[in-house]
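Only one structure is covered here, and it is reproduced in the block below.
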Amino acid sequence: MSGKEKVVHFKYLFADDYNPVYVNGAHGGISPQGEIVVNFYFERRPLPYEETYVFEGTGQPARKTDVQPPDHEENVIRYVSTGVVMNLETAKLFYEWLGEHIVMLEQIRNEGTQR
């Protein structure tokens with residue numbers, strides 16, 4: 001190591017409420033301050049508030065007679081659990097990091113299918 005080099009150790013600390021979440025989509029754009037905003041969401045069909053069934057003598061539901069709200073199957077829920085805001089330099093680094101990991105994962109998957 002030359003006299004101008006400096007070694008820095010990065011320590012990672014996690015908040016007590018750290019909890020990774022599954023996402024299958026993102027929405028965002030550029031903020032008025034010129035930063036990139038990404039809101040991550042999990043997309044799914046909604047559950048009804050209430051369902052009414054008629055039961056037969058066997059104790060099993062025979063048929064559904066009502067669903068509330070009636071149009072619940074026409075909707076999609078996008079549950080936004082977290083988001084990030086980053087400046088341009090950080091976004092470029094994240095883009096590079098993500099690209100490298102995509103390439104690695106594709107290589108791993110290709111190796112697995114060739115066996």
Side-chain angles (χ1 to χ4, degrees):
M1 179 166 57
S2 72
K4 293 183 180 183
E5 291 179 335
K6 181 179 180 180
V7 175
V8 177
H9 298 274
F10 292 93
K11 305 279 185 178
Y12 295 90
L13 302 176
F14 293 85
D16 290 340
D17 61 349
Y18 173 75
N19 184 25
V21 295
Y22 174 78
V23 299
N24 58 14
H27 185 277
I30 299 172
S31 75
Q33 293 78 25
E35 297 170 312
I36 296 184
V37 178
V38 184
N39 296 296
F40 296 101
Y41 61 79
F42 169 58
E43 187 174 87
R44 65 174 178 81
R45 293 277 180 207
L47 294 172
Y49 299 131
E50 181 180 336
E51 295 178 313
T52 304
Y53 286 84
V54 172
F55 282 76
E56 293 181 343
T58 63
Q60 299 297 316
R63 69 183 185 283
K64 189 184 320 183
T65 61
D66 187 40
V67 177
Q68 293 300 323
D71 68 344
H72 86 281
E73 291 184 2
E74 298 170 16
N75 298 304
V76 174
I77 292 174
R78 286 185 169 172
Y79 177 75
V80 180
S81 58
T82 191
V84 295
V85 180
M86 59 186 105
N87 62 28
L88 179 60
E89 292 75 24
T90 301
K92 287 179 178 180
L93 290 170
F94 181 70
Y95 177 79
E96 182 180 326
W97 177 88
L98 186 59
E100 290 172 1
H101 285 83
I102 289 170
V103 168
M104 283 192 294
L105 183 56
E106 287 175 337
Q107 289 172 346
I108 291 168
R109 287 185 173 182
N110 287 337
E111 290 171 5
T113 60
Q114 294 175 6
R115 292 180 187 181

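FYI, the numbering just counts along the sequence from 1.
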(request) Kindly give the heavy-atom pair with the smallest separation between Glu51 and Lys64, and that separation in Å. (result) OE2-NZ, 3.3 Å
(message) So which atom in Gln68 and which in Pro70 form the shortest heavy-atom distance, rounded to 0.1 Å?
(response) OE1-CD, 3.6 Å
(message) Could you measure the distance from the CZ atom of Phe42 to the CZ atom of Arg78? Nearest 0.5 Å is fine.
(response) 12.5 Å
(message) Please give me the minimum heavy-atom distance between Tyr53 and Pro61, naming the atom from each residue.
(response) CD2-CB, 3.7 Å
(request) Tell me whether Val37 is reachable from Val84 by hopping between hydrophobic residues (I, L, V, M, F, W, Y) whose side-chain heavy atoms are closer than 4.5 Å. (result) no
(message) Does any part of the side chain of Ile77, heavy atoms only, come nearer than 4.5 Å to the side chain of Tyr41, both counted from C-beta?
(response) no
(message) Under 4.5 Å between side-chain heavy atoms, counting indirect links through other Ile/Leu/Val/Met/Phe/Trp/Tyr residues: same cluster for Val76 and Val67 or not?
(response) no
(message) Is there a continuous path of hydrophobic side-chain contacts, each under 4.5 Å between heavy atoms, that joins Tyr12 to Tyr18?
(response) yes
(request) Would you give the length of the straight line joining atom CD of Glu74 to atom CZ of Arg45, rounded to the nearest 0.5 angstrom? (result) 9.5 Å
(request) Identify the two heavy atoms, one from Glu56 and one from Ala62, that lie closest to each other, and give their separation to 0.1 Å. (result) CG-CB, 3.3 Å
(message) Could you check whether atom CD of Glu43 has more than 12 heavy atoms from other residues, nucleotides or ligands sitting under 6.0 Å from it?
(response) yes
(request) Enter the distance from Leu47:CG to Glu73:CD here, rounded to the nearest 0.5 Å. (result) 11.0 Å
(message) I'd like to know if Phe40 and Trp97 are part of one continuous hydrophobic network [Ile/Leu/Val/Met/Phe/Trp/Tyr, side-chain heavy atoms within less than 4.5 Å].
(response) yes
(request) Spell out, as yes or no, whether a donor-acceptor pair under 3.5 Å connects the side chain of Asn39 to the backbone of Gly83. (result) no
(message) As an exercise, state the distance from CG of Asn87 to CD of Gln33, rounded to the nearest 0.5 Å.
(response) 12.5 Å
(message) Would you say that more than 12 heavy atoms from the other residues, nucleotides or ligands in this model lie under 6.0 Å from the CD1 of Ile30, or not?
(response) no
(message) Return the CG to CG distance between Asn19 and Asp16, rounded to the nearest 0.5 Å.
(response) 12.5 Å
(message) If I compare all heavy atoms of Val21 with all of Ser81, which pair ends up nearest, and what's the gap?
(response) CG2-OG, 3.4 Å
(message) Can you tell me how far apart CG (Leu93) and CG (Leu88) are? Round to the nearest 0.5 Å.
(response) 9.5 Å
(request) Take Thr52 and Glu50 through the test side-chain contact (heavy atoms from CB on, under 4.5 Å) and record every step on the way to the result. (result) CA-CA 7 Å; Thr52 304; Glu50 181 180 336; 4.0 Å; yes
(request) Of all the heavy-atom pairs spanning Pro69 and Tyr49, show the shortest one and how long it is. (result) CD-CD1, 3.1 Å
(message) Do Leu98 and Val38 sit in one hydrophobic cluster, given that two such residues count as connected whenever their side-chain heavy atoms are within less than 4.5 Å of each other, even indirectly?
(response) yes
